[in-house]
Amino acid sequence: MSAALPRDFIRQIIHEDLESGKHSEIVTRFPPEPNGYLHVGHVSSICLNFGAAGETGGKTYLRFDDTNPGKESEEFMRAIERDVHWLGFSWDDRLTHASDYFDQLYDAAEKLIELGVAYVDSLSADEIREYRGTLTEPGRDSPHRARSVEENLELFRRMRNGDFADGEHVLRAKIDMASPNINLRDPALYRIRHVHHQRTGDKWCIYPMYDFAHTLSDAFEGVTHSLCTLEFEDHRPLYDWFLDQLQPTSRPRQIEFSRLNLAYTITSKRKLSTLIEAGVVTGWDDPRMPTIAGMRRRGYPAAALRNFVMRGGVTKKDKLIEMAVLENSIREELGENAERRMAVLRPLKVVLTNYPDGQVEMMQALNHPNRPELGTREMPFSRTIWIERDDFLEEAPRKFFRLKPGGEVRLRFGYIIRCDEVIKNDAGDVIELRCSYDPDTRSGTQTSNRKVKGTIHWVSVQHAVAADVRLYDRLFTIPDPASAADLMDVVNPESLQEVTAMLEPSLQNFEKGQAVQFERLGYFCADARDHSPDAPVINRIVTLRDSWAKIERQAMAS
RNA sequence: UGGGGCGUAGCCAAGUGGUAAGGCAUCGGGUUUUGAUCCCGUGUACCGCAGGUUCGAAUCCUGCCGCCCCAGCCA
């Protein structure tokens, strides 16, 4: 059991801390800023935080880092809660906000002033930038750096009371303007913002900065291990500085890990919203979006996502994971659990000339070839059926074992048919096939042990249900779209293709969100938003592995 | 030419001084009424490079190279 658990370096630290008695219970937190939707990258953080704590009987807070009103909203909070919950994690009563601690944070700020390690600066933002120096040159002390404790206290209180306009003053930590670590060059702690806050209303007009609020929120909640991404590594000395100065009863430890990047996608909230604003996608939950909401709507199972990030592990190395890994996790999950159905994406009509007109037979179809306990369903079979256009080739290569003139194929759960005649329109397009069926070859009967190399799927024309099927492909044309000068240059114009497909009648009651495999095509789900029984809208989750496509590719290459 | 990180096969990733797990991908093959699943098999990884310590190093030391992050009153 425990041997199956991942033992990445963070979990190792956690176990050591438990064994050494440093901690008796592990407490972590997932601290999103509610200024956008969660994406694949967050899945890894969520699974790490909730996973590492949960595995040891510890607990995890879902804490909204809502220190920048104006950019944050309730809508995003609700979406985040929904996503984390859907992923399979719960926080019980541990749903908190940085804003829950605004009073304590304010008190802590005054304490820093009293300690003489924080001061009110009255330089403008531009001046502060100038004084900060550069990566290679030290900064200079602000002329206001030497203000007395009393003056600082008075100024800071007046800041809180609303005596000043935005930007007039800022509270800064007094650390070291010459530090090689720029985060230590007197970072801002509080800024004036006369903005309504989504939770605290107009109570405050000064708001704490991330480093200050985050460190103390961790301490207030008794967080033992504060896990964050690599870009905050430089902030750790500041994190520790706050703890050293204020000596809270609980001392959390910050540990950084690398974020997860997925090939052909982006995980920048800013860029994601650009896509929405530009109309490239329909919203945060567009099935092409790498957001949790988008992936959920696309039909990716939560378990697949969890397995996917577990496989990647937790390290400090920059990574760009191939799509194939994600797709494999999805196929693995769906292959095991999704029931099978038949649907024809690009229909080609086939008339079985020797099949009695008007006759309908009910064929027994397995819901899952490897799991007989999932039962069977009936599929009506008749004289006229739809087959996939791709399953017929007039001039077929030797290895093509589907339908071709004079050739035979098995209709899955049906009969073996032979193509006798190809009917074309004036333009020369194949519009119909005339075939004959072999009555002795009905699936399930022992009357025929004839074997044909190919088996194709089909749907009876008179019983078919038409549906709008959305075929999705990667949103970008290059593996690392974030590296593009202009994102718009690398969006895949063919990320969405819509077709009118023909579904087997049992799909009449396809339910929103339900996922099935359309045999030989891939996994599909009824769109959670647009689908309805009389106007089915279906998303392609992922295709099946396609070794025929590979053979074709190889043929093309040679 | 400041500081902080990271470098093990195409992509991830174990490994913590004893002579390189695993997954995905690839390429073969078997089973198959989904060219799916499943099952076998398949990789000289100069462990970034160069020195050094050691009986012995991916693991320790030194130097070098490459990549990422930091100059928001964003998080």
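Here is the naming used below: chain letters follow the sequence lines, and residue numbers restart at 1 for every chain. What's counted below: heavy atoms across the whole structure, side chains too, no hydrogens, waters or symmetry copies.
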Tell me: [atom1] of [X] to [atom2] of [N], nearest whole Å?
{"X": "A:Asn328", "N": "B:G10", "atom1": "CG", "atom2": "P", "result": "20 Å"}
{"X": "A:Leu320", "N": "B:G7", "atom1": "CG", "atom2": "P", "result": "16 Å"}
{"X": "A:Lys453", "N": "B:U31", "atom1": "NZ", "atom2": "P", "result": "16 Å"}
{"X": "A:Leu184", "N": "B:G2", "atom1": "CG", "atom2": "C1'", "result": "13 Å"}
{"X": "A:Lys319", "N": "B:A9", "atom1": "NZ", "atom2": "P", "result": "15 Å"}

Using a 4.0 Å heavy-atom cut-off across all strands, classify [X] as base, sugar-phosphate, or nothing.
{"X": "A:Tyr207", "result": "nothing"}
{"X": "A:Met342", "result": "nothing"}
{"X": "A:Tyr190", "result": "nothing"}
{"X": "A:Gly167", "result": "base"}
{"X": "A:Arg193", "result": "sugar-phosphate"}
{"X": "A:His169", "result": "nothing"}
{"X": "A:Asn68", "result": "sugar-phosphate"}
{"X": "A:Gln517", "result": "base"}
{"X": "A:Asp234", "result": "base"}
{"X": "A:Phe212", "result": "nothing"}
{"X": "A:Leu238", "result": "nothing"}
{"X": "A:Leu135", "result": "base"}
{"X": "A:Ala125", "result": "base"}

Tell me which nucleotide among [options] gets nearest to the side chain of [X].
{"X": "A:Pro180", "options": "B:G5, B:G2, B:U34", "answer": "B:G2"}
{"X": "A:Val170", "options": "B:A75, B:C73, B:U33", "answer": "B:C73"}
{"X": "A:Lys550", "options": "B:C27, B:A75, B:C24", "answer": "B:C27"}
{"X": "A:Gln554", "options": "B:C70, B:C69, B:C27", "answer": "B:C27"}
{"X": "A:Leu230", "options": "B:G23, B:G5, B:A75", "answer": "B:G5"}
{"X": "A:Glu519", "options": "B:A75, B:C24, B:U34", "answer": "B:U34"}
{"X": "A:Glu322", "options": "B:U34, B:G5, B:C11", "answer": "B:C11"}
{"X": "A:Arg412", "options": "B:G10, B:U34, B:A71", "answer": "B:U34"}

Is the base of [N] touched by the side chain of [X] through a donor-acceptor pair closer than 3.5 angstrom?
{"X": "A:Ser443", "N": "B:U33", "value": "yes"}
{"X": "A:Arg520", "N": "B:U34", "value": "no"}
{"X": "A:Asn181", "N": "B:G4", "value": "no"}
{"X": "A:Glu256", "N": "B:G5", "value": "no"}
{"X": "A:Arg340", "N": "B:U34", "value": "yes"}

With a 4.0 Å cutoff (strictly under), does any side-chain N or O of [X] reach OP1 or OP2 of [N]?
{"X": "A:Arg191", "N": "B:C74", "answer": "yes"}
{"X": "A:Arg331", "N": "B:C24", "answer": "no"}
{"X": "A:Thr67", "N": "B:A75", "answer": "yes"}
{"X": "A:Arg129", "N": "B:G72", "answer": "yes"}
{"X": "A:Gln12", "N": "B:U16", "answer": "no"}
{"X": "A:Thr315", "N": "B:A13", "answer": "yes"}
{"X": "A:Arg132", "N": "B:G72", "answer": "yes"}
{"X": "A:Lys317", "N": "B:G5", "answer": "no"}

B:G72 glycosidic torsion: syn (within 90° of 0) vs anti:
syn
Six-ring centre of A:Tyr119, A:Arg172 cation under 6.0 angstrom, axis tolerance 45°
no
For A:Tyr264, is the NZ or CZ atom of A:Arg474 found under 6.0 angstrom from the centre of its six-membered ring and inside 45 degrees of the ring axis?
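That pair qualifies as a cation-pi contact.
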Test item: A:Arg377 side-chain N/O and A:Gln364 main-chain N/O as donor-acceptor pair under 3.5 Å:
no
Do other residues, nucleotides or ligands put more than 12 heavy atoms under 6.0 Å from the CZ atom of A:Arg145?
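Count over threshold, so yes.
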[atom1]-based separation of [M] from [N] [nearest Å]:
{"N": "B:C11", "M": "B:G52", "atom1": "P", "result": "31 Å"}
{"N": "B:U1", "M": "B:G72", "atom1": "P", "result": "22 Å"}
{"N": "B:G29", "M": "B:A36", "atom1": "P", "result": "13 Å"}
{"N": "B:G5", "M": "B:C60", "atom1": "P", "result": "16 Å"}
{"N": "B:U44", "M": "B:A21", "atom1": "P", "result": "14 Å"}
{"N": "B:U26", "M": "B:C38", "atom1": "P", "result": "14 Å"}
{"N": "B:G7", "M": "B:G15", "atom1": "P", "result": "13 Å"}
{"N": "B:A9", "M": "B:G23", "atom1": "C1'", "result": "13 Å"}

What does [N] pair with, Watson-Crick or G-U, if both distances are under 3.5 Å?
{"N": "B:G7", "value": "B:C65"}
{"N": "B:C74", "value": "none"}
{"N": "B:U44", "value": "none"}

On the 0 to 90° scale, with breaks at 30° and 60°, tag the A:Phe76-A:Trp284 ring pair as parallel, tilted or perpendicular.
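Correct class here is perpendicular.
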Contact nearer the 5' end of RNA chain B, comparing A:Pro369 with A:Asp318
A:Pro369
Should A:Phe232 and A:Tyr210 be marked as a ring-ring contact (aromatic ring centres under 6.0 Å, His included) after you check the CA-CA gap, both sets of side-chain angles, and the distance that decides it?
CA-CA 11 Å; A:Phe232 293 105; A:Tyr210 163 82; 5.1 Å; yes
I'd like to know whether A:Tyr190 forms a ring-ring contact (aromatic ring centres under 6.0 Å, His included) with A:Phe156, so could you lay out the CA-CA distance, the side-chain angles of the two residues, the decisive distance to 0.1 Å, and finally the verdict.
CA-CA 9 Å; A:Tyr190 264 93; A:Phe156 186 50; 5.4 Å; yes
Ring centres under 6.0 Å, that's the criterion: do [X] and [Y] meet it?
{"X": "A:Phe220", "Y": "A:Tyr101", "answer": "yes"}
{"X": "A:Phe518", "Y": "A:Tyr523", "answer": "no"}
{"X": "A:Tyr61", "Y": "A:Phe30", "answer": "no"}

